[in-house]
Amino acid sequence: METVVILGGGPCGLSAAWELSGTGKNVVIIEAQSSLGGLCKTISYKGFNFDLGGHRFISENDELINKIKVLMGDELLVSERISAIRLNGREFQYPLSAGDILRQTDIRFLSGCLIDYAYQSIYKRIKHSPDTSFEDWVINRFGKKLYNTFFKDYTRKLWGIPPDKLSSDWAAERISLLNLWDVVLRLCGFGENTPRTYTRNFFYPKQGIGQIFEFIANEIKGNGGSIILNAGFKRLLFEGERVKGIIYDINGKDEAIDCDWVISTIPITDLLCNPDRGEEWQGVSEAVRSLRYRSLRFLNILIDKPEIGKNTWTYIPDGKYIMTRIQEPGKRSPYNAPDGMTSLILEIPCFYNDEVWNMPDDLLFKRCINDLLESGIDVNDKVIDYFYTREKHAYPIYHLDYKHHLKELTSFLDSKENILTSGRNGLFRYIFMDRAMEMGFEAAKIVQNSK
Ligand SMILES: Cc1cc2nc3c(=O)[nH]c(=O)nc-3n(C[C@H](O)[C@H](O)[C@H](O)COP(=O)(O)OP(=O)(O)OC[C@H]3O[C@@H](n4cnc5c(N)ncnc54)[C@H](O)[C@@H]3O)c2cc1C
């Protein structure tokens, strides 16, 4: 029987295993953590559920939606999103709407934005200004005033690098609006389609997003697939241009598995991090060192109060506050908190092992409670408990030259016969869970169709 090793038990790896298990192949998932779901896992604590930040399931792929509906049955809820940007003591609807900006600011601000936008459009025609960086991309479409107000500080805080050093690819993937004119059209009800940013309703399991992946894991086990937890991938074993096996670490001991195929969904930089592999690896090693990730530390707060506000989540762009987003999980599912109580998740961007990542728990907590208070959220005397979760590989950072380094790694893997890299960090692509799942199914099909 052919053995397929799947590295990583997040949405992509689990979907690949779901598709392949029960098809006559020996499917083995190697997962470094003690539980499955990857960035989409949910942690239960004292009757509360916390995702790693808030997650929602949206897809344009009806087949995928139906598959999840059948899998989850009554456990899948349809929830409504209300999201906002809290800035300078005011709350703006998100996605931005011209009417709300007008209501919350004044005609001078909005007309300033429109004049700036008109100037930018004319300037763009006369003097071609390329969309090289994130900053160029946004200014070319929205003008400087809106960029400075809503995008600049938030982007710098989220990514930890200046927006003019961030590739425009991120903006193109993340901001669904075409330009300021598009905002105005939408306000008047003339938006052509409903991009992801505008979708109000979303699917969400009763017990947190991770429940989807617990259900998928049960299917895989039911089909005879194996899942090895607490198993950290160490290195690939090559035989010519083929991968003949992998080494992983479990309880401080190296174990080997021989395999016919590898589908990797772990960070591509971790997959190819083995040094000293001869000349062929020189470019690879340099690329591995150059590609970086932004990390997140999540503060999860249990609160003895029925609710904090109406928002599912709120963006905090102001650079003086440590968090970028505040989530209230009870707005996704009422089962995320016990009756009469609620909770908050604060998303705090950082780099792995920097001062925020390592800040003592109580110090960071005090800082966050103070930032919440200054942003108008007073929970101090209602806190039951709190704890942190961390994610080292939260966001692949699109530096201006990231594509060149990524190509080095993907070309190396393309030259091997029986290994595929897929998923968010496997392909260093800022994708959502539905796409990660589709990629998992696609990788499985390639393996199935191989001779
Ligand atoms: C804060 C935040 C909010 C998000 N919100 C949404 C949302 O609302 N909707 C949405 O659709 N998407 C959202 N996403 C994106 C979504 O989480 C990802 O697209 C999805 O999890 C990608 O799945 P994946 O399987 O490719 O990768 P991952 O989820 O990263 O899974 C990779 C797995 O590999 C394991 N692994 C890593 N290294 C090793 C190793 N050396 N050995 C063994 N195993 C290893 C990891 O532990 C993990 O389980 C969000 C992401 C973040 C960070």
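As the structure lists them, so they are numbered: ligands from 1, and atoms in each ligand from 1. Small disclaimer: the values here were computed from a predicted structure and weren't measured.
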Nearest non-hydrogen atom to atom 49 (O) of ligand 1 belongs to which of E31, R294, R81?
E31
Has K234 got any heavy atom lying under 4.0 angstrom from an atom of ligand 1?
no
Look at K366 together with D362 and state whether they make a salt bridge at an N to O cut-off of under 4.0 Å.
no
Considering residues at least two apart in sequence or located in another chain, which fulfil the side-chain hydrogen bond (donor to acceptor under 3.5 Å, both in side chains) criterion with R332?
Q327
Any N or O on I431 sitting closer than 3.5 Å to an N or O of ligand 1?
yes
Considering only heavy atoms of L296, which atoms of ligand 1 have at least one such atom less than 4.0 Å away?
1 (C)
Heavy-atom contact check, 4.0 Å cutoff: does Y395 meet ligand 1?
yes
Nearest heavy atom to atom 32 (C) of ligand 1: which of D270, T265, I29 does it belong to?
T265
Take atom NZ of K152 as the centre, draw a 6.0 Å sphere, and report whether it contains more than 12 heavy atoms from other residues, nucleotides or ligands.
no
Is any side-chain N of the basic residue among D169 and R429 closer than 4.0 Å to the acidic one's carboxylate O?
no
If you compare H55, H393, R56 by their heavy atoms, the one closest to atom 9 (N) of ligand 1 turns out to be R56
Residue selection (non-hydrogen contact nearest atom 5 (N) of ligand 1) among G13, G54, G53:
G54
Tell me which pairs pass salt bridge (charged side-chain N to carboxylate O under 4.0 Å, His left out) where either residue lies in residues 247-273, with sequence neighbours left out.
K234-D254, K253-E255
Would you say L7 touches ligand 1, if touching means a heavy atom closer than 4.0 Å?
no
For ligand 1, is there an N or O atom under 3.5 Å from any N or O atom of F298?
no
Evaluating non-hydrogen atoms only, which member of L271, D51, L39 is closest to atom 30 (O) of ligand 1?
L39
Mark the output for S422 as yes if a heavy-atom distance to ligand 1 is under 4.0 Å, and as no if none is.
no
Short version for L52: what comes under 4.0 Å of ligand 1, heavy atoms counted, is backbone
What part of A436, side chain, backbone, both or neither, has a heavy atom within less than 4.0 angstrom of ligand 1?
side chain
Relative to Y315, does R86 satisfy both conditions: NZ or CZ under 6.0 angstrom from the six-membered ring centre, and within 45 degrees of the ring's axis?
no
